[in-house]
Structure formats: C-alpha cells, structure tokens
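Just follow the structure's listing: the first ligand is 1, and inside any ligand the first atom is 1. This structure is a prediction, so every number in the text was calculated from the model and none was measured. Positions are given from 1 along the sequence.
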Amino acid sequence: MNTQVAIIGAGPAGLLLSHLLHLRGIESVVLESRTRADIESTIRAGVLEQGTMDILNEAGVGVRMRSEGALHHGIELAFGGKRHRIDLSELTGRAITVYAQHEVIKDLVAVRVAADAQLLFEVSDVSLHAIDSEQPSVRFKHGGEPQQLKADFVIGCDGFHGIARATIPDISRRDYQRIYPFGWFGILVESAQSSDELIYAQHDRGFALVSTRSPMVQRHYFQCDPKDEVANWSDDRIWSELHTRLENRDGWKLKEGKIFQKNIIGMRSFVSTPMQHGRLFLAGDSAHIVPPTGAKGMNLAVADVRLLSIALDEFYKKGQQDQLDTYTETALKRIWRAEHFSWWMTSLLHRFEDASPFQKELQRAELEYVISSRAASTVLAENYVGLPFV
Ligand code: APR
Ligand code: PHB
C-alpha cells in the first residue's frame, strides 16, 4: 500500500488532519487500533475554543456542533461562598462552544467515510520504519494480515500512550513533565442544567467543576486522590461532596439526577521535543498533555494539525519545506503558552495537601485579583477562549 501521508491514530488530531489534507487534495491513510464504536463513545472533555470552532466550520464539519453544541459567553469562578462571572465575550470578543469531544469524533469519521477515506480500524502491531529517509513506512496487522504502508510522511497522532513518540531516538528527545498529586472524579448525570455557564470552584476540600453535555445530560468533576477507586464513591457521597464544594450564599444549588457514568482521571503536564524527526511528525497528545483545568487538550491537537496541513500543502504545491522544518518551533510557542495557562488554572483552583498557610493566602489573593481586575480577568479570558493563530 502507498499513500502520501500515513497517519497513526484516529483521535481528533488524526481524523482532522486527514480531512484537512483531503480538502487540499493530499491523500492519506489513517490507522487506528480501536473500533469505530469505541472511538465514537470514549468520554473526554468538551470545550472548543473559538479558533477550533472556526477550523471545524471552515472544514465543513461544524453543522452538528453549531446546532447541538452550546455557545458560552462566560464562565464562573466560585470561591468563598460566592460566584463571580468572567465575561469572556465582553473581555475578548470571542466565545467557546461546549460540545463533547466524541461528538467531534463522530462528525469527523462521518465526513471521512463519506469521502471514501482510507480509515482502517482495529489495526495492531504498528511499527514505523526508515523515518530518517524520504520513503518511510509503517508496518501493521489488519484482520490478522501483515501489511506495509509506504508514505512520504508519517504523522504520529496516536495519543500519549502511542508508539510514534518513542520512535524518535532518546538521544534527540527531551521530555518535560509534571505529575499532579491529585486527579478528577468525573460523573455524567441525567438532569437539567444547573447553570447556564461552566462553574470552576475553589474550596478548602478541593476543586469542583460544573459542566454540561446537553440540556438533559450534565458533566461534573471534583478533585480526588488519583489512586482512589470509583467503587469507593456511592452516589450519595458524590452529591454530598459536590454540594459542599459548591456551597454558596446566593441560593444557587446543583441539580441532582441519575449518575450513569463515573471515572477518575490522573493529571499531568507533559511536553516532548522535538515534535519531528526526519519524515515523522507528532501532533496532539502524542507530543504534549495538559491538565484538563484549562480545557486545552483537544484545542492544542487541532492547532497542531492546522499547522501541519498548511506545511504539507506548501511542500506538495510549491516543493518547499520551510514550514515543515520549523513545525516544532512554531507549534511549541502555542503549546507552552497553553501549558502555562493550564498549570496556572490548576494551581489557582486546586487544594494542595502540602500547601503552607502562606501559599493558601497567595492562592486566595490571586483569585481575588482575577475577579476584581479587568487586566487579570482578561488574561484568564483570552487564554481560555484561545489566542488567535499566528
Ligand atoms: N496504532 C494505532 N492507533 C493508535 C495507537 C497505535 N499504536 N496507539 C494509540 N492509537 C490511537 C488511540 O486508540 C486513539 O484513538 O490513537 C488515538 C489517539 O487519540 P487521542 O488520545 O484522542 O489523541 P489526539 O487525537 O492527540 O487528541 C487529543 O484527546 O485525549 C484527548 O484530552 C485529549 O482532548 C485531547 C485530545
Ligand atoms: C468537560 O465538560 O468535560 C470539561 C469542561 C471544562 C474543562 C474540562 C472538562 O476545563
């Protein structure tokens, strides 16, 4: 099998890249280890930056996002028994859409399948070869049969646990990492919305987040021990913890409902550089991870593949590879900004077991500043809605 661009992984990064390349007349093959049903149902985050919405709309995959997603013009920060609104649109002229990542996946798979794309599910034993040469290849098994895919480029969109990053020799790679001493307990609930906007709450017992999936399904989280187990949390215990952390003096109350999904996620910040080696390029979670507090994960993946699609287009149309050569440098500017923002939001809102009274007062002072200074609110707002692409 031959193609122009071999893409490993059908997450948001891999699927969107194959579609953006298709729109520019560049052929690709996507290899995915899981089933279509599995990738279309895995629960992940759900906040799309303005720039992500624009890319999906321009690529013709924004129809359901526009009708079923919810446009939000603000978020709330809750602490000290009060809620404070950050007016994203007034501060930045931009907004966000709350639309689940697996819905984006469904839209992308549908558009790729409609275009007769080469999208292979349930592949196994994927390995990359000759990435230093002009004719790299990917070996894998599909339906039990060994296959070889030759391409001009291989793009690793295979997430944090994929194989692409490890193909870059250790001697050329540098990883930066911070693992947080807490995780998020996430629930999906059948209930009406409790709030028109997302609520990020700081509390002495730990962080909590009120989010949404649709008018009838809500997504909430609370900070927990990353080693804790779902089985330790009865529905009653979950509601009691959420009510305590979201307590306030203005009479607002979280609506309860039937909890139909519970999970615990660990939290890390991670960046691997360079994001390219020979004819192999990395995009999305394969190269970087952010804690979910800033809601940047999928947005960064989209920003990476936007750059790659432009650079590959320049290569195929003009025979130039300047933008491919500078991919790591260009991508890392946005990535490190988002890394800082996600780390900062996490530090602002979470309980750190080892925090001294001094550090706790600093955290409170920072929260007060963010809600009372227009300049500080704008810093949060412009990062949250996403900085413009350069
Ligand atoms: N071969 C083929 N596919 C693989 C392999 C492999 N060896 N390893 C992993 N995959 C697939 C996974 O099954 C998954 O579907 O690659 C895909 C990677 O998708 P994501 O993990 O969603 O990564 P990405 O597309 O970069 O999207 C980043 O997704 O994980 C969230 O929070 C993250 O929102 C962020 C976004
Ligand atoms: C979500 O709805 O899953 C969500 C929202 C905001 C975040 C993280 C996750 O910061």
Side-chain angles (χ1 to χ4, degrees), residues 6-18 29-36 38-49 52 69-70 72 75 96-105 108-109 119-128 138-142 149 154-167 184 186-188 197-200 207-214 217-221 261 263 265-268 270 275 282-305 338 341-342 345-346 349 384:
I7 298 173
I8 320 296
L15 289 167
L16 180 62
L17 178 61
S18 74
V29 175
V30 179
L31 305 177
E32 166 59 48
S33 54
R34 294 187 293 154
T35 63
R36 176 173 177 179
D38 199 8
I39 64 164
E40 290 188 340
S41 59
T42 305
I43 306 296
R44 292 263 170 82
V47 173
L48 309 185
E49 292 177 354
T52 300
H72 287 207
I75 57 168
I96 52 147
T97 288
V98 179
Y99 185 59
Q101 181 168 314
H102 68 275
E103 301 297 343
V104 176
I105 296 277
L108 287 166
V109 171
L119 174 49
L120 306 186
F121 291 103
E122 294 181 85
V123 303
S124 62
D125 302 320
V126 178
S127 60
L128 311 185
V138 185
R139 290 192 204 137
F140 60 99
K141 281 192 185 151
H142 191 229
L149 172 64
V154 178
I155 317 293
C157 298
D158 50 350
F160 183 66
H161 301 288
I163 49 97
R165 183 175 70 252
T167 312
W184 278 13
I187 56 169
L188 280 170
E197 295 177 338
L198 270 57
I199 304 174
Y200 289 82
F207 170 74
L209 171 59
V210 176
S211 182
T212 182
R213 282 291 175 267
S214 71
V217 175
Q218 312 312 320
R219 179 76 166 147
H220 309 316
Y221 299 92
Q261 208 256 1
N263 69 326
I265 51 169
M267 304 205 0
R268 76 171 79 220
F270 172 82
M275 291 167 67
L282 304 179
D285 276 16
S286 72
H288 44 77
I289 297 286
V290 282
T293 329
K296 289 281 161 256
M298 175 168 38
N299 296 295
L300 277 183
V302 167
D304 288 352
V305 300
F341 176 65
S342 307
M345 278 280 276
T346 303
L349 294 163
Y384 194 82

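Residue Ala45 does not touch ligand 1, judged by heavy-atom distances below 4.0 Å. Contact annotation: for Arg44 versus ligand 1, heavy atoms closer than 4.0 Å belong to the side chain alone. Only side-chain heavy atoms of Ile39 come within less than 4.0 Å of ligand 1; its backbone N, CA, C and O stay farther off. With a heavy-atom cut-off of 4.0 Å, Val126 touches ligand 1 through its side chain alone. Contacts between Gln101 and ligand 1 below 4.0 angstrom, taking non-hydrogen atoms only, involve the side chain exclusively. Contacts of Ile8 with ligand 1, taken as heavy-atom pairs under 4.0 Å, involve the side chain alone.
Of all atoms in ligand 1, listed by their number and element, those nearer than 4.0 Å to a heavy atom of Leu31 are 2 (C), 3 (N). Annotation for ligand 1: atoms under 4.0 Å from non-hydrogen atoms of Gly162 are 8 (N). Contact atoms of ligand 1 toward Ser33: 2 (C), 3 (N), 4 (C), 5 (C), 10 (N), 13 (O) (distance under 4.0 Å to a heavy atom of the residue). Remark: ligand 1 atoms within the under-4.0 Å shell around heavy atoms of Gly159 are 18 (C), 21 (O), 23 (O). If you number the atoms of ligand 1 from 1 as listed, the ones under 4.0 Å from a heavy atom of Gly9 come out as 3 (N), 11 (C), 16 (O), 17 (C). The ligand atoms of ligand 1 that sit less than 4.0 angstrom from a heavy atom of Arg34 are 13 (O), 14 (C), 15 (O). If you number the atoms of ligand 1 from 1 as listed, the ones under 4.0 Å from a heavy atom of Gly297 come out as 34 (O), 35 (C).
A donor-acceptor pair under 3.5 Å is absent between the side-chain atoms of Asp158 and the main chain of Gly9, judged by distance alone. The main-chain N or O of Asp38 is found under 3.5 Å from a side-chain atom of Thr42 such that the two form a donor-acceptor pair. Using modelled atom types, one side-chain atom of Ser286 and one backbone atom of Gly156 make a donor-acceptor pair closer than 3.5 Å. Between the side chain of Glu32 and the backbone N or O of Phe121 there is no donor-acceptor pair closer than 3.5 Å. Not one N or O on the side chain of Asp125 forms a donor-acceptor pair closer than 3.5 Å with the backbone of Lys141.
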What verdict does the side chain to side chain contact (heavy atoms under 4.5 Å, CB included) test give for Ile75 and Ile199, after you've listed the backbone C-alpha separation in whole Å, the side-chain angles of each residue and the deciding distance to 0.1 Å? CA-CA 6 Å; Ile75 57 168; Ile199 304 174; over 6 Å; no
Under the criterion side chain to side chain contact (heavy atoms under 4.5 Å, CB included), I'd like the reasoning laid out for Met298 against Glu49: C-alpha separation, chi angles, the key distance, then a yes or no. CA-CA 9 Å; Met298 175 168 38; Glu49 292 177 354; over 6 Å; no
Going through the checks in order, is the side chain to side chain contact (heavy atoms under 4.5 Å, CB included) test met by Arg268 and Val290? CA-CA 6 Å; Arg268 76 171 79 220; Val290 282; over 6 Å; no
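The cationic group of Arg165 lies under 6.0 Å from the six-membered ring centre of Phe160 and within 45° of the ring axis, placing it in a cation-pi geometry.
Given atom 33 (C) of ligand 1, the protein heavy atom at minimum distance is Asp285 OD2, 3.0 Å. Remark: minimum distance from atom 11 (C) of ligand 1 to any protein heavy atom is reached at Glu32 OE1, 3.2 Å. Distance from atom 9 (C) of ligand 1 to its nearest protein heavy atom, with residue and atom name: Asp158 O, 3.1 Å.
In plain terms, the two heavy atoms of Ser18 and Val30 that are nearest each other are CB-CG2, 3.6 Å.
No salt bridge links Arg36 with Glu122; every basic N to acidic carboxylate O contact stays at or beyond 4.0 Å.
Nearest to atom 18 (C) of ligand 1 by heavy-atom distance, out of Cys157, Ala287, Ala295, is Cys157. Proximity annotation for atom 25 (O) of ligand 1: of Ala301, Ala13, Ser124, Ala13 comes nearest, heavy atoms only. Within the set Ala10, Pro12, Gly284, Gly11, the minimum heavy-atom distance to atom 27 (O) of ligand 1 is found for Pro12.
In summary, the side chains of His161 and Asp285 do not present any donor paired with an acceptor at a separation below 3.5 Å, with no hydrogens or angles considered.
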May I have the N/O to N/O pairs between ligand 2 and the protein that fall below 3.5 Å, each with atom names and distance to one decimal?
residue, atom, partner, partner atom, Å
ligand 2, 2 (O), Ser211, OG, 2.6
ligand 2, 2 (O), Arg213, NH1, 2.9
ligand 2, 3 (O), Arg213, NH2, 2.8
ligand 2, 3 (O), Tyr221, OH, 2.6
ligand 2, 10 (O), Tyr200, OH, 2.7
ligand 2, 10 (O), Pro292, O, 2.8
ligand 2, 10 (O), Thr293, O, 3.2

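Using cut-offs of 30° and 60° for the angle between ring planes, the Tyr384 and Tyr200 rings count as perpendicular.
Tested against Leu15, the residues Val104, Val305, Leu108, Ile7 include a single side-chain contact (heavy atoms from CB on, under 4.5 Å) partner, Leu108. Residue Thr212 forms a side chain to side chain donor-acceptor pair (under 3.5 Å) with just one option from Glu197, His72, Gln218, and that option is Gln218.
Within the 4.5 Å cutoff, no side-chain heavy atoms of Leu209 are placed close to those of His220.
Ligand 1 has no nitrogen or oxygen under 3.5 angstrom from a nitrogen or oxygen of Ser286. Considering both main-chain and side-chain atoms, Ile163 never comes within under 3.5 Å of ligand 1 through any nitrogen or oxygen pair.
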